*Asks:* 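One structure, as structure tokens, below. Some questions next.
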Amino acid sequence: MKCYLCGSSDHKLRDGKVRDNDKLSILECNNCSLVFLSSLDHIDESFYEESNMSEGQNVQEWLNGTDIDDSRRFEFVKEFLINKDIIDFGSGAGGFLLQAKKIAKSVVGVELDNKVREHYKNSSIDLVRDIRELKNESYDVITAFHVIEHLSDPIKILQELCLKLKKGGKLIFEIPNSDDALLSLYKNKAFSSFTYWSPHLFLYNARTLDILFKKINGLEMDFIKYIQRYPLSNHLYWLANNEPGGHLNWGQFIDSVELNSAYEAQLSSLGITDTIIAQCTKV
Ligand SMILES: [Zn+2]
């Protein structure tokens, strides 16, 4: 299997397993470090249409679960949203757009999940299934939170997204980091049997993101920022108990704003946070 980004056939098997599909293995390119699953065509649009991303939750439960991330993302990008035309690509239950709508000129979600249609209608948020349904080609901002890792042909889709932006427009996105400390530094076996998931076809780090975006005509990377979504309590719990949920069980007596801020800064300096945010400009 050739690497999608660099074409090399030289890859290694990563430790761990794909939690929902025993048949898949996790590969890492020895040339560029792109992480990818051993099959890229086991998921199609029907997987997303049939609400597999929300794992049995109703829309309100889904919104409650994304509330902290929605608010953090809104705070991070809000200066770009004021009186602007916004697309949220892979908008899920719409929690980010509900906040963006209050200050933007217009917002539209792109989402395949059939379950959310009624909710968008009731919230007066425009929704399309496919980016190509949007005829306007002069949007100011496109956001994509935890979407790019799901795309089997990200170059093609990012090129289509770029066409929808006006000159100077921004693409701002968030993805999981393939160099997450629990994998790359602590090498926690239980975590490596938990974190990989069949819809995450590719996992990127700063290096492979840079290679990816150099292939997109008209988009230039402004910055990559490392952020840590899960606090120190979560990592200590994985190391002690080999289980998730440490922030719920131990957070109350381990976590503090100061401690987690210092921990995030340290992980950032090593490039091994769990999450990357990046911003590109259409030139
Ligand atoms: Zn490669």
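The structure presented is a predicted model; accordingly, all values stated were derived computationally and were not measured. Both ligands and their constituent atoms are indexed starting at 1 by order of listing.
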*Asks:* According to the interplanar angle, ranging from 0 to 90°, do the rings of Tyr237 and Trp250 count as parallel (below 30°), tilted (30 to 60°) or perpendicular (above 60°)?
*Replies:* perpendicular
*Asks:* Would you indicate whether Tyr230, at its atom OH, is surrounded by more than 12 heavy atoms from other residues, nucleotides or ligands within a distance under 6.0 Å?
*Replies:* no
*Asks:* Using the six-membered ring wherever Trp is involved, compare the ring planes of His200 and Trp197 and label them parallel, tilted or perpendicular (cut-offs 30° and 60°).
*Replies:* perpendicular
*Asks:* Under the side chain to side chain contact (heavy atoms under 4.5 Å, CB included) rule, collect the residues that match up with Asn31, sequence neighbours excluded.
*Replies:* Cys6, Ser8, Cys29
*Asks:* With 2.8 Å as the limit, count the protein N, O or S atoms near the Zn ion (ligand 1).
*Replies:* 4
*Asks:* How are the rings of Tyr4 and Phe202 set relative to one another: parallel (under 30°), tilted (30 to 60°) or perpendicular (over 60°)?
*Replies:* tilted
*Asks:* Within 45° of the axis and under 6.0 Å from the centre of the six-membered ring of Phe96, does NZ or CZ of Arg73 qualify?
*Replies:* no
